[in-house]
Amino acid sequence: QVQLVEAGGGVVQAGGSLRLSCAASGSPGSDFRIKTMGWFRQIPGKQRELVAAGASNGATTYGDSVKDRFVISRVNTKKTLSLQMNSLKPEDAAVYYCDASGTHISGSNVDQVYIDSEYWGQGTQDTVSA
């Protein structure tokens, strides 16, 4: 089992900035190779949507509504992910969730077992006042 611990966020005025961070830990008994880490957000009554994601090869993806305002950064060796949110708008207010997907690898070289898994953080509330 992998835990995603989120930090940052809070309350900010429109036009301001916030920074979120996410750290992955755990996975006793196996090596969890993260392929993609990302941030999603959800507003009550709406579907969870992609904010930004970073792949292990350095490729990044952004939701259309946050392009040119948000920047995602990932440190693969530390299994951490950050999201710098600039020029925040009231419509950016949501619960932000960290997501990590990858493969658990366990066993010896001859009998290795690969299990694909996905994990979510508990979510952090961000509020943007007009």
Side-chain angles (χ1 to χ4, degrees):
Q1 190 74 13
V2 171
Q3 292 79 44
L4 300 180
V5 179
E6 300 152 338
V11 180
V12 67
Q13 288 188 328
S17 299
L18 286 173
R19 185 177 180 86
L20 303 180
S21 63
C22 175
S25 63
S27 184
S30 68
D31 178 16
F32 184 59
R33 305 280 178 87
I34 299 176
K35 296 177 183 176
T36 305
M37 288 188 80
W39 289 97
F40 290 74
R41 67 186 182 187
Q42 189 167 22
I43 300 170
K46 292 191 175 182
Q47 285 189 329
R48 193 170 295 188
E49 64 173 1
L50 172 70
V51 176
S56 56
N57 63 1
T60 57
T61 303
Y62 291 91
D64 289 339
S65 63
V66 306
K67 285 179 181 178
D68 301 323
R69 296 189 299 124
F70 291 11
V71 179
I72 194 170
S73 57
R74 176 177 168 181
V75 180
N76 290 335
T77 55
K78 295 184 178 181
K79 298 182 179 180
T80 61
L81 182 75
S82 297
L83 181 69
Q84 179 66 40
M85 303 185 290
N86 302 316
S87 302
L88 283 162
K89 305 174 181 179
E91 52 264 40
D92 293 318
V95 178
Y96 284 72
Y97 296 90
C98 179
D99 169 77
S101 60
T103 304
H104 285 280
I105 303 173
S106 58
S108 66
N109 291 334
V110 177
D111 298 314
Q112 282 192 328
V113 177
Y114 299 84
I115 300 175
D116 291 335
S117 300
E118 183 176 18
Y119 299 94
W120 292 90
Q122 76 281 3
T124 178
Q125 176 72 54
D126 291 336
T127 302
V128 183
S129 59

State whether the number of non-hydrogen atoms from other residues, nucleotides or ligands found under 6.0 Å of Gln47 atom CD is greater than 12.
-> no
Please tell me if the side chains of Leu81 and Ile72 come closer than 4.5 Å, counting only heavy atoms from C-beta onward.
-> yes
Would a 4.5 Å heavy-atom cut-off, applied to side chains only, mark Gln112 and Ser106 as touching?
-> no
Closest approach of Met37 and Ala100, non-hydrogen atoms and distance?
-> CG-CB, 4.1 Å
Within a strict 4.5 Å, meaning less than it, do heavy atoms of the His104 and Asp31 side chains meet?
-> no
Does some side-chain heavy atom of Thr127 sit less than 4.5 Å from a side-chain heavy atom of Val12?
-> no
For Asp68, does the CG atom sit with more than 12 other heavy atoms under 6.0 Å from it, leaving out its own atoms?
-> no
Are any of the side-chain nitrogens in Arg41 or Asp92 under 4.0 Å away from the carboxylate oxygens of its partner?
-> yes
Mind checking whether Trp39 and Phe70 have ring centres under 6.0 Å apart?
-> no
Whether over 12 other heavy atoms sit under 6.0 Å from Gln13 CD = no
Under 4.5 Å between any side-chain heavy atoms of Tyr96 and Val51, yes or no?
-> yes
Measure the shortest side-chain to side-chain distance between Leu20 and Gln84 over non-hydrogen atoms and say whether it is less than 4.5 angstrom.
-> no
Sub-4.5 Å side-chain heavy-atom contact between Ser117 and Ile115 | yes
